[in-house]
Amino acid sequence: MSSTESLRSTPPTGDVPATFSPDQRTVDWADGAVELIDQTALPAVERLLRLETVEDVVDAIQRLAVRGAPAIGVAGGLGVALAVRTLPEPSAAIRALRDARPTAVNLARAVDRVAAVVPDGADAVLAEALAIRDEEIASSDSMAAYGVELISELCAAQPRLLTHCNTGGLATVTGGTALGVVFALHRAGLLGGVVASETRPLLQGARLTTWELGRAGVPFRLAVDGAGAYLMARGEVDAVIIGADRICANGDVVNKIGSYAHALGAARAGIPFVVVAPESTVDPATRTGAEVEIEDRGGAEVSGFGVAAANPAFDVTPFDLVTAVVTDRRVVRFAAGQTWDDVPLGPLRSFS
Ligand SMILES: CSC[C@H]1O[C@H](OP(=O)(O)O)[C@H](O)[C@@H]1O
């Protein structure tokens, strides 16, 4: 093996090759550092990254080594804890964390929440960051409970669900949002199957969702993004279930690019379009999706051969195409005319 090949097969310094247990947390605090699953390496390599500087956390967020609204919120909060422990003047690093990616409301919200505690000292900051982590773990379990109940109400037995991007434990800490509902349906013997949309250009569906579904023993088929609406038209999908990066005051859903197309396909096919996201992703301060900054990740991710390419990483699904939003505290049926104000927060529930 040439020296170059051996280098390629050796993980970067400080990384711990791992074969993950089913309860491996996607992102966590470990002995004074942020530890996270390197999602850029999956499914080929199961590798944990140990990040000891804020710059490394910012970099991990920006290159989607850690991704998914709840997961990057937790990573951002833990990054603030790292900043106050390692930097004499952490404010610039905290701003860099907050600005690492613009669309998912969880990141700025978590960084602001933890940064507000900086005057109380490093231990208080870490405690606040860990509280966000624990809240997201509880939220995943609760969304599974609310989601199983809603899908069982909306669909006939053994529904076949199409999902987009990746919304399992990799996008949260454990469990997941939309895929957390899928796992729960499967465990309860209530799931007919899954169509996983590949989700170009970074293939979160093809790489990450298939990896998570395979580990959970969930029957699935991978599909190219453009096949979604036609599979729905052919009667091969009973409902679409996806996550969100930000849900606005009017119910507009900002999510991975391609979500809007699936919503149009679902509307045409007359099947439910269900969004699953924690209350930490609901943004009442932003009136509509038109006001949300949509991250553009540049043409190189789309075209490796140099042609000009558009690459908005997210799109906006208007609230009237959303059958229901399932959070960890309630279900709001926007297409039926409900608003957030119509449905007060309910209790956290538990499916597991
Ligand atoms: C449960 S949040 C998952 C959400 O985040 C993804 O975006 P990205 O992979 O760029 O972080 C996508 O929009 C998912 O629906």
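Note that ligands are numbered from 1 as they come in the structure, with each ligand's atoms numbered from 1 the same way.
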Which of the ligand 1 atoms, numbered from 1, are nearer than 4.0 Å to a heavy atom of [X]:
{"X": "P70", "value": "1 (C), 2 (S)"}
{"X": "G68", "value": "2 (S), 3 (C), 5 (O), 11 (O)"}
{"X": "A171", "value": "1 (C), 3 (C)"}
{"X": "K256", "value": "7 (O), 8 (P), 10 (O), 12 (C), 13 (O)"}
{"X": "R101", "value": "8 (P), 10 (O), 11 (O)"}

Item to check | F220 atom CZ, neighbour heavy-atom count above 12 within 6.0 Å | outcome: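 Counting other residues, nucleotides and ligands, CZ of F220 exceeds 12 neighbours.
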
Please report whether ligand 1 has a polar contact with [X], defined as an N or O pair separated by less than 3.5 Å (distance criterion only).
{"X": "T167", "value": "no"}
{"X": "T177", "value": "no"}
{"X": "G243", "value": "no"}
{"X": "N166", "value": "no"}
{"X": "H164", "value": "no"}

Checklist entry - Looking only at heavy atoms, is any part of Q204 under 4.0 Å from ligand 1, and if so is it the side chain, the backbone, or both, or is it neither? => result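 Looking at Q204 and ligand 1, just side chain atoms fall under 4.0 Å.
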
Sidechain N-carboxylate O distance under 4.0 Å for [X], [Y]:
{"X": "R50", "Y": "D38", "value": "no"}
{"X": "E153", "Y": "R333", "value": "yes"}
{"X": "E35", "Y": "R25", "value": "no"}
{"X": "R63", "Y": "D59", "value": "yes"}
{"X": "R200", "Y": "D225", "value": "no"}

Item to check | Same apolar cluster (I L V M F W Y, side chains within < 4.5 Å links), I132/L51 | outcome: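 Linked, I132 and L51 end up in one cluster.
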
Checklist entry - Do F273 and L321 belong to the same hydrophobic cluster, where Ile, Leu, Val, Met, Phe, Trp and Tyr are linked whenever their side-chain heavy atoms lie under 4.5 Å apart, directly or via other members? => result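 Shared cluster, no.
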
To which protein heavy atom is [atom] closest, and what is the distance rounded to 0.1 Å?
{"atom": "atom 12 (C) of ligand 1", "value": "C165 SG, 3.3 Å"}
{"atom": "atom 2 (S) of ligand 1", "value": "A69 N, 3.2 Å"}
{"atom": "atom 9 (O) of ligand 1", "value": "R67 NE, 2.7 Å"}
{"atom": "atom 15 (O) of ligand 1", "value": "N255 OD1, 2.6 Å"}
{"atom": "atom 5 (O) of ligand 1", "value": "D245 OD2, 3.2 Å"}

Checklist entry - Say you draw a straight line from CG of L185 to CD1 of I241; how long is it, rounded to the nearest 0.5 Å? => result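 Nearest 0.5 Å value for the CG-CD1 distance: 7.0 Å.
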
Checklist entry - Does the cation-pi check pass for R215 over W211, that is, NZ or CZ under 6.0 Å from the six-membered ring centre and within 45° of its axis? => result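 Yes, R215 sits over the ring of W211.
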
Checklist entry - Which residues pass the salt bridge (charged side-chain N to carboxylate O under 4.0 Å, His left out) test with R113, sequence neighbours left out? => result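 Scan of R113 (salt bridge (charged side-chain N to carboxylate O under 4.0 Å, His left out), adjacent residues dropped) gives E128, E135.
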
Checklist entry - Is ligand 1 less than 4.0 angstrom away from at least one heavy atom of A244? => result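 So A244 counts as touching ligand 1.
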
